[in-house]
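One-based numbering, in listed order, for ligands and for the atoms of each. Any value given below was found using the heavy atoms of this structure, including those in side chains, with hydrogens, waters and symmetry copies removed.
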Amino acid sequence: MELDLIQEMIKQVLDEIKTEGIEVSTNEYEYGVFDSMAEAIDASEKAQRELFECSVQQRDKFVDAIRAEVLKKENLEMISQDAVEETKIGRVEDKIIKNRVAAENTPGTEDLKTRAITGEDGLTIEEYCPFGVIGSITPTTNPTETLINNSISMIAGGNTVVFSPHPRAKKVSIKLIKMMNKALEEAGAPRNLITMVKEPSIENTQIMMNSPKVRLLVATGGPAIVKQVLSAGKKAIGAGAGNPPVVVDETADIEKAAKDIVSGASFDNNVPCIAEKEVFAVDSIVDQLVYHMKKNGAYEITSPEVIDQLDKAVSKENGKPNPALVGKSAKELLAQIGITVGDDIKLIIARTNKNHHLVTEEMLMPILPIVSVSDVDTAIDWAYEAEAGNRHTAIMHSKNVDKLTKMAKKLEATIFVKNAPSYAGIGVGGEGHTTFTIAGPTGEGITSAKSFCRIRRCVMSEALNIR
Ligand code: NAD
């Protein structure tokens, strides 16, 4: 009798395993990756309705699941390596830092603070509510960082997101989106909170921008795509290009300034939009600054002809950077003009005038022009010109509070970093949360969950005022 019972139980367990096995093998769910953009949008719309029924606490659990999955050592390393391998941009060790801060330091639902107004007429609350389906276009320069950062912010805000990654980052985007959706599903989240199309393309991005089901567009990239989303006839957030200048005056700690500038300008081979792109240093300290930069891994090109030769080698005819050389190392760039250096060289520096092409153009390469200036006021004026009205990021090394204030005020940058590498502005060695979508043109600034929400008011008249 007892043996029969055990046999029956074993049979039942085996049947269950078999059934589950059949279910898994017939399951064609591809964790958010779809053949067509229409399917990706439809799935996102369905998922958003389901997410809307979940509590804010559940949303917290979901974004925590994304964080935990991405922060697994093997996953962080894999996506960082894959991103560099596929895009041929940047440095693996720096991508690991960027992916880590995106996962750890992007705020969740705590960002959504309700506002309450009370008085003799009652209680009114204003809350951050979801937009619905968001279409997000992401760059090659921060491919995985932006997916992690946007996913956390947008889902915390109660939205779902259809990504349109750069085609050059297709494979790593697919891998990461599947990874995040799998972790979400295991945490009990609706399927397809994050979707994308298998073959990202300009045509698919157009379909996404034109879909009435997509309520909000977010573009992180150069001026062309920011202009596109702003012309789409619906709410759009544009995070565009910068050309961050650095000013160094005679009051700065020059040794530290040199070290910080080399660190910031060489970070991920200078592709971050916030990275130092040109320096204006006052005459009295410029030699000392260059000396210390060279001690910290910078290679100086002293001949104006050679720097022009390098500039020509890395630029296209129209003056734009050669995309094949964006995000390459200093060593690889110098090899273009027959100069051989070791791996210890992280940055190329050269003294130029203020109108040099390398000063005025956002190159996204570890080549940093240094312009000497008679005084700090002129340096601030020239930095303002070089920033070209992007109002993106600026950096200053100085101990003169009046001049720091003057520069901060004049440039009106979304991020102004004092006496630190530029990346302190996105929470790496500086206070404040991290974002990889810095929305200067449309004003949301250092985006977070609330940037992707609608403010809605709820009014209770003549009651609930308890003061
Ligand atoms: P990019 O503008 O070439 O591409 C960005 C995205 O837009 C990609 O997905 C691309 O496929 C898409 N795209 C570009 N033009 C398009 C068009 N006409 N139609 C449809 N899709 C289009 O930029 P990139 O080289 O990938 O990234 C670097 C640029 O992005 C730099 O200028 C950098 O400063 C900027 N950026 C800004 C931020 C920010 O937060 N403000 C962050 C990262 C990068």
Using a plain distance cutoff, I'd like to know if Thr205 has any nitrogen or oxygen under 3.5 Å from a nitrogen or oxygen of ligand 1.
no
Would you say that Val161 contacts Leu193 through its side chain, given a criterion of any heavy-atom pair below 4.5 Å between the two side chains?
no
Subset of ligand 1 atoms that lie under 4.0 Å from at least one heavy atom of Pro165
9 (O)
Those atoms of ligand 1 less than 4.0 Å from some heavy atom in Thr437
40 (O)
Looking only at side-chain N and O atoms, does Asn105 offer a donor or acceptor that is under 3.5 Å from a partner on His433?
no
Numbering as shown, the atoms of ligand 1 that approach Ser164 to under 4.0 Å (heavy-atom distance):
9 (O)
Give yes if a backbone or side-chain nitrogen or oxygen of Ile137 is under 3.5 Å from a nitrogen or oxygen of ligand 1, and no if not.
no
Assess the residue pair Glu69 and Lys72 against the criterion (salt bridge (Lys or Arg N to Asp or Glu O under 4.0 Å)); give the C-alpha distance rounded to whole Å, side-chain angles, the decisive distance to 0.1 Å, and a yes or no.
CA-CA 6 Å; Glu69 191 63 24; Lys72 284 179 185 161; 2.9 Å; yes
For the residue pair Thr442 and Glu444, confirm or rule out a side-chain donor-acceptor distance under 3.5 Å.
yes
Please set out all donor-acceptor pairs under 3.5 angstrom arising from side-chain atoms of residues 324-339, sequence neighbours excluded.
residue : atom : partner : partner atom : Å
Lys328  : NZ   : Lys88   : O            : 2.8
Ser329  : OG   : Glu332  : N            : 3.1
Ser329  : OG   : Glu332  : OE1          : 2.9
Lys331  : NZ   : Asp343  : OD1          : 3.0
Glu332  : OE1  : Ser329  : N            : 2.9

Which is closest to atom 28 (C) of ligand 1 by heavy-atom distance: Ile446, Thr141, Ile225, Thr447?
Thr141
Should Lys98 and Glu145 count as an ion pair when the cut-off is N to O under 4.0 Å?
yes
Using 4.0 Å as the upper bound for N to carboxylate O, is an ion pair formed by Arg91 and Asp94?
yes
Heavy-atom distances under 4.0 Å decide this one: backbone, side chain, both or neither, for Pro200 against ligand 1?
neither
Option with minimal heavy-atom separation from atom 32 (O) of ligand 1, where the choices are Gln228, Gln206, Glu362, Met208:
Glu362
Could you see which bit of Thr140 sits under 4.0 Å from ligand 1, with heavy atoms only: side chain, backbone, both or neither?
both
What atoms in ligand 1 come closer than 4.0 Å to a heavy atom of Ala241?
32 (O), 34 (O)
Taking distance alone, with no angle check, do Ile438 and ligand 1 share an N/O pair under 3.5 Å?
yes
Going by heavy-atom distance to atom 37 (C) of ligand 1, choose the closest among Gly240, Ala275, Gly222.
Gly240
Would you tell me whether Thr360 and Asn355 have side-chain atoms, one donor and one acceptor, within less than 3.5 Å of each other?
no
Are Pro167 and ligand 1 in contact, using a heavy-atom cut-off of under 4.0 Å?
yes
Is Lys354 salt-bridged to Glu278, going by a charged N under 4.0 Å from an acidic O?
no
the protein heavy atom lying closest to atom 19 (N) of ligand 1 turns out to be Ile202 CG2, 3.8 Å
Just distances here: any N/O of His392 and N/O of ligand 1 closer than 3.5 Å?
yes
Looking at Cys273, which atoms of ligand 1 are within less than 4.0 Å of one of its heavy atoms?
33 (C), 34 (O), 36 (N), 37 (C), 38 (C), 39 (C), 40 (O), 41 (N), 42 (C), 43 (C)
Taking only non-hydrogen atoms of Gly242 and a 4.0 Å limit, the atoms of ligand 1 in range are 34 (O)
Region of Pro223 engaging ligand 1 - heavy atom pairs below 4.0 Å:
neither
When distances are taken from atom 43 (C) of ligand 1, the protein heavy atom at minimum range is Asn142 ND2, 3.5 Å
Any Lys/Arg nitrogen of Lys61 or Asp64 sitting under 4.0 Å from an Asp/Glu carboxylate oxygen of the other?
no
Does a side chain donor of either Thr106 or Thr434 reach within less than 3.5 Å of an acceptor in the other side chain?
no
For ligand 1, indicate whether the residue Thr138 contacts it via side chain, backbone, both or neither (heavy-atom separation under 4.0 Å).
backbone
May I ask you to say whether Lys320 pairs ionically with Glu361, meaning some side-chain N is under 4.0 Å from a carboxylate O?
yes
Using the six-membered ring of Tyr128, assess whether NZ or CZ of Arg454 lies under 6.0 Å from its centre and within 45 degrees of the ring axis.
no
For atom 4 (O) of ligand 1, the closest protein heavy atom turns out to be His166 CD2, 3.7 Å
